[in-house]
Every structure is written in structure tokens, then in C-alpha cells.
Amino acid sequence: MDATGVVTVGTHQSGDVLVTLRPAPRLLLRVHSPVADIVGDRLRALGREALSAAGITSAGVDIHDNAASEWVVRARLRTAIRRWHAVAGVTAAHEARTETLRAPEERS
């Protein structure tokens with residue numbers, strides 16, 4: 001997280017996704033992808049699901065997809081949210097909630 005409260009995880013490389021969380025007065029979710037017409041709805045759903053599970057109701061979220069697998073998107077969202085909460089000092093309270101973001105085969 002930088003001094004402005006922005007968290008960025010991931011890369012612009014092929015097969016990855018860059019997720020950015022920043023402070024915002026309401027929930028703003030934007031998806032950028034060369035195939036947004038095909039995967040845009042699913043990426044938005046993953047973003048909403050992750051934010052909801054973590055109790056985040058106001059943030060700006062940008063998802064820059066570069067043909068990432070769904071598990072990569074979930075992992076990047078989970079990491080961004082953990083970093084967001086870690087800085088805010090609420091990591092422990094939300095750890096259980098982020099467990100729901102994992103794919104069934106990732107859950108312990």
C-alpha cells in the first residue's frame with residue numbers, strides 16, 4: 001500500500017492479472033481486458049464476491065486481466081484484500097471471510 005492508500009498486486013504479464021484497490025466513497029469496480037466481452041461479467045462477479053466476503057463496501061477496484069486463470073484472479077484479489085486490511089489493522093477479523101474466496105480445492 002502506498003502513501004495514498006492504494007494497494008496493487010499482480011503484473012501486466014500474459015496469464016496474470018493486475019488488481020488495484022484504492023479508497024473511494026462507494027464501490028467502483030472496473031474490468032480491463034482484451035476479451036472483456038467474453039470474461040468481463042465473470043471477472044466482475046469474482047470481484048464483487050471477494051469484496052463482499054471481506055466486508056468491503058467502499059473502494060475503487062481495477063482488474064486488468066491478461067488471460068489469467070480464475071484461480072489467479074481469486075489469488076490476486078485475496079492478496080490485495082489482505083494487504084488492504086493489514087494496513088488497516090483488521091487482518092485477523094477478515095481472515096475467516098477471505099477463506100470463502102478460495103476455490104474448493106484450495107480450502108484447508
Side-chain angles (χ1 to χ4, degrees):
M1 187 164 185
D2 69 13
T4 62
V6 176
V7 173
T8 302
V9 298
T11 69
H12 282 292
Q13 293 181 333
S14 180
D16 202 355
V17 62
L18 183 73
V19 176
T20 303
L21 261 67
R22 66 189 181 291
R26 60 185 175 92
L27 189 59
L28 304 167
L29 181 63
R30 294 185 294 189
V31 171
H32 312 273
S33 174
V35 289
D37 54 328
I38 298 169
V39 299
D41 289 342
R42 182 64 185 145
L43 291 172
R44 277 186 283 282
L46 289 171
R48 283 190 302 270
E49 180 182 305
L51 296 166
S52 176
I56 297 174
T57 58
S58 60
V61 183
D62 288 301
I63 300 173
H64 294 268
D65 174 53
N66 293 299
S69 298
E70 185 172 317
W71 68 268
V72 172
V73 176
R74 286 179 182 273
R76 294 300 192 191
L77 286 163
R78 188 169 58 239
T79 300
I81 289 167
R82 283 182 178 162
R83 288 182 184 172
W84 178 275
H85 286 311
V87 172
V90 294
T91 304
H94 294 281
E95 187 65 29
R97 289 184 187 168
T98 58
E99 179 67 19
T100 62
L101 301 178
R102 295 180 186 202
E105 62 274 7
E106 293 180 313
R107 294 183 185 146
S108 29

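The shown structure was predicted, so the numbers you read here are calculated from the model rather than taken from an experiment. FYI, the numbering just counts along the sequence from 1.
- The heavy-atom pair separating Pro23 from Trp84 by the smallest distance is N-CH2, 3.5 Å.
- The nearest pair of heavy atoms linking Ala59 to Ala24 is C-CB, 3.6 Å.
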Self-check item: Worked verdict on Glu49 versus Leu77 for side-chain contact (heavy atoms from CB on, under 4.5 Å)
Solution: CA-CA 10 Å; Glu49 180 182 305; Leu77 286 163; over 6 Å; no

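- A continuous path of Ile, Leu, Val, Met, Phe, Trp and Tyr side chains, each step under 4.5 Å between heavy atoms, connects Val73 with Trp71, placing both in one hydrophobic cluster.
- Scanning both residues, Ala54 and Ile81, for their nearest heavy atoms gives CB-CG2, 3.5 Å.
- Partner of Val9 under the side chain to side chain contact (heavy atoms under 4.5 Å, CB included) criterion, chosen from Leu18, Val19, Val17: Val19.
- Asp16 contributes no side-chain N or O that, together with a main-chain N or O of Gly10, makes up a donor-acceptor pair within less than 3.5 Å.
- Taking CG from Leu28 and CG from Leu21, the interatomic distance works out to 11.0 Å, rounded to the nearest 0.5 Å.
- For Val7 against Ala80, the heavy-atom pair with the smallest separation is CG1-O, 3.7 Å.
- Atom CD of Glu70 sits about 4.5 Å away from atom CG of Leu46, to the nearest 0.5 Å.
- For Ser69, there are no side chain to side chain donor-acceptor pair (under 3.5 Å) partners two or more places apart in sequence or in a different chain.
- The nearest pair of heavy atoms linking Ser33 to Asp65 is OG-OD2, 3.1 Å.
- Residue pairs satisfying the salt bridge (Lys or Arg N to Asp or Glu O under 4.0 Å) criterion with at least one member in residues 50-63, sequence neighbours excluded, are listed as follows: Arg22-Asp62, Arg30-Asp62.
- Relative ring orientation between His64 and His12 is described as perpendicular, the plane-to-plane angle rising above 60° on a 0-90° scale split at 30° and 60°.
- By the 6.0 Å contact criterion, CD on Gln13 is open, its count of non-hydrogen atoms from other residues, nucleotides or ligands being 12 or less.
- For Thr11 against Asn66, the heavy-atom pair with the smallest separation is O-ND2, 4.0 Å.
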